[in-house]
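Just so it is clear: chains get the letters A, B, ... in the order the sequence lines come, proteins before strands, and each one is counted from 1.
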Amino acid sequence: MKRPRASASSAFTRRVIAAVRRIPPGRVTTYGDIARLAGKPRAARAVGNIMRGGGAPGLPYHRVIAAAGRLGGYGGNEMLRAAPLRAGGRVVGGGGARQFSAVRWPSRTR
DNA sequence: GAAATGACAGAGT
DNA sequence: GACTCTGCCATTT
């Protein structure tokens, strides 16, 4: 099994973790926003890489979703249940991106 | 040091 | 409105 997990050995990784931690309860954010908070608005991919590693256990990574309002490709089914995504009713499973807009962390100040 | 991988984003068709 | 392709970045091997 080859599972290259990233570790928080860099400041950037730490920054991403801090950004996720900044997410208020009942709200979700996108990789792009996290990347931007980390200082690299184009590093959404890198953000996903860091999460994959799980360098910060306990961190609400499940609150971070794709900009499209979808979950991305991590296949978090049980996770969503535990996630506070029900802030607006339900983000995934039925209505999706629309409600997502309601719980989206208003951090994107483009 | 270089190549491969990956939980995305945005623009174009 | 939906699908496809490319670009950007960081980490790991």
From [atom1] of [X] over to [atom2] of [N], roughly how many Å is that when rounded to an integer?
{"X": "A:Ile34", "N": "B:dA7", "atom1": "CD1", "atom2": "P", "value": "18 Å"}
{"X": "A:Met51", "N": "C:dT11", "atom1": "CE", "atom2": "C1'", "value": "14 Å"}
{"X": "A:Arg52", "N": "B:dT5", "atom1": "CZ", "atom2": "C1'", "value": "7 Å"}
{"X": "A:Phe12", "N": "C:dA10", "atom1": "CZ", "atom2": "P", "value": "6 Å"}
{"X": "A:Asp33", "N": "B:dC8", "atom1": "CG", "atom2": "P", "value": "15 Å"}
{"X": "A:Lys40", "N": "B:dA9", "atom1": "NZ", "atom2": "C1'", "value": "17 Å"}
{"X": "A:Asn49", "N": "C:dT13", "atom1": "CG", "atom2": "P", "value": "12 Å"}

- Task: Using modelled atom types only, decide if a donor and an acceptor are shared between the side chain of A:Ser10 and the backbone of A:Thr13 within a distance under 3.5 Å.
- Result: no

- Item | side-chain N/O A:Thr30 vs B:dC8 OP1/OP2, d < 4.0 Å | no

- Message: Please confirm whether the shortest side-chain N or O distance from A:Thr13 to OP1 or OP2 of C:dT11 is below 4.0 Å.
- Response: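 Indeed, a polar side-chain atom of A:Thr13 lies that close.
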
- Query: Less than 3.5 Å between a donor and an acceptor, one on the side chain of A:Arg42 and one on the base of C:dG7, is that the case here?
  - Reply: no

- Message: Please classify the nucleic acid contact of A:Ala46 as base, sugar-phosphate, or nothing, using heavy-atom distances under 4.0 Å.
- Response: base

- Roughly how far, to the nearest 0.5 Å, is the CZ atom of A:Arg15 from the CZ atom of A:Arg22?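 A:Arg22 atom CZ to A:Arg15 atom CZ measures 10.0 Å (nearest 0.5 Å).
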
- Is there a side-chain contact between A:Val20 and A:Ile34, using heavy atoms and a 4.5 Å cut-off?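 A:Val20 reaches A:Ile34 side chain to side chain.
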
